[in-house]
Amino acid sequence: MKKKTVLDLYKMKQNGEKASWITSYDAPFASFAEAAGIDMILVGDSLGMVVEGFDSTIPVTMDMCIEHCQAVRRGAPNTFVVGDMPFGSYQTSDEEAARNAIRFLKEGGVDAIKLEGGKTVASRIRAIRNCGILVFGHIGLTPQSSGVLGGHKAQGRTVESARAVLEDALAVQEAGANFLLVEAVPPEVTAEIHKLLTIPVYSIGAGAPCDGQLTIFADTIGMFQAFTPKFIKKYAEIAPIVIDAFKQYSDDIKAGNFPGEEHVYHVIGDIAPFNELFAEFDEKYLK
Ligand code: KIV
């Protein structure tokens, strides 16, 4: 399998071929994504909620992200991997943003980074691009700012809000971003962004009229139990399957049904010398 690059993604846009994009945070699921032929993986800061058990993405650190990126890269060596800059890694200055983006590439092995925000992060995008790093902008609903937005709320649903989203989209492209992710805005607004921009535009909960779709893998397979956003289509319901398997395992242990004959390693040769050995140890340690 040939490794996907930015050129493949731009060619897909040119040919009107939609890109599939999913989150992963570890090697096994990354390898499943690669085996399924998914075009891109996002090592999202959603890892904080999906795998670390936090109730928001705010506590996620650079070190956590780097570790998860490394695991994903090991699991999916040929997939285009995007590292998600966590809260606090780019807000304070252009220099800090560039330094942390460099860490994602050098230590995390990713192909590109994503950061949240529009006009307000234009100089950060420029600083990171100036380091020769591919950048995904992320506008609309930006979970790291959910406090300011008053919760995880869809954006661009009023004319005033749509104007702000469109201005953000233009600012992100103008700052030099190579790609844009639009989250939770009406499809009409997504279509307008797609028409205005020349860079590939992807959606998470922002409808179909763009160059591809992203989802959080745990929502898509019914693994994340806390809540399911409206825009998720579930392709599997794995939580009850896993819980049932764990329950059967526990019941089997308690009932003496596991392990069975087929799950053990037998001694090689006659048991008699082993019995002599056990008798020797019994004599020494049990008497
Ligand atoms: O962290 C993440 O998975 C994301 C998506 C919600 C877009 O940023």
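Quick caveat, the model's predicted, so the values are computed rather than measured. In each ligand, atom 1 is the first atom listed, and ligand 1 is the first ligand listed.
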(Q) Out of all atoms in ligand 1, which are within 4.0 Å of some heavy atom of Gly44? Include the element for each. (A) 1 (O), 2 (C), 3 (O)

Q.
I need the nearest protein heavy-atom contact for atom 6 (C) of ligand 1: residue, atom name and distance, please.
A. Glu183 OE1, 3.7 Å

Q) Does Ser46, backbone or side chain, put an N or O under 3.5 Å from an N or O of ligand 1? A) yes

Q.
I want to know if ligand 1 touches Glu116 in the polar sense, i.e. an N/O pair below 3.5 angstrom.
A. no

Q | Exercise: do Glu52 and His68 side chains pair donor with acceptor under 3.5 Å | A | yes

Q: Determine whether more than 12 heavy atoms belonging to other residues, nucleotides or ligands lie under 6.0 Å from atom CD of Glu237.
A: yes

Q: Pick one of side chain, backbone, both or neither for how Asp45 approaches ligand 1, counting any non-hydrogen atom pair under 4.0 Å.
A: both

Q) Salt-bridged, Asp94 to Arg124, with N to O below 4.0 Å? A) yes

Q) What atoms in ligand 1 come closer than 4.0 Å to a heavy atom of Leu214? A) 7 (C)

Q: Measure the acute angle between the ring planes of Phe227 and Phe224, then classify it against the limits of 30° and 60° as parallel, tilted or perpendicular.
A: perpendicular

Q: Give a yes or no on whether Glu174 atom CD has more than 12 heavy-atom contacts from other residues, nucleotides or ligands under 6.0 Å away.
A: no

Q) Near Thr23, which atoms of ligand 1 are under 4.0 Å from a heavy atom of that residue? A) 3 (O)

Q: Could you tell me how the ring of Phe278 sits relative to the ring of Phe274: parallel (under 30°), tilted (30 to 60°) or perpendicular (over 60°)?
A: tilted

**Q.** Residue portion contacting ligand 1 (non-hydrogen atoms closer than 4.0 Å) for Leu181
**A.** side chain

**Q.** Residue and atom name of the nearest protein heavy atom (relative to atom 4 (C) of ligand 1), distance in Å to one decimal
**A.** Leu42 CD2, 3.7 Å

Q: Give the numbers and elements of all ligand 1 atoms closer than 4.0 Å to a heavy atom of Asp84.
A: 1 (O), 2 (C), 4 (C), 8 (O)

**Q.** Side chains of Thr198 and Gln173, donor plus acceptor under 3.5 Å
**A.** yes

**Q.** Whether Phe136 and Trp21 hold their rings parallel, tilted or perpendicular, with breakpoints at 30° and 60°
**A.** tilted

Q. Just heavy atoms, cut-off under 4.0 Å: does Leu47 contact ligand 1 by side chain, backbone, both, or neither?
A. neither

Q | For atom 8 (O) of ligand 1, the protein heavy atom that lies nearest, with its residue and separation | A | Lys114 NZ, 3.0 Å

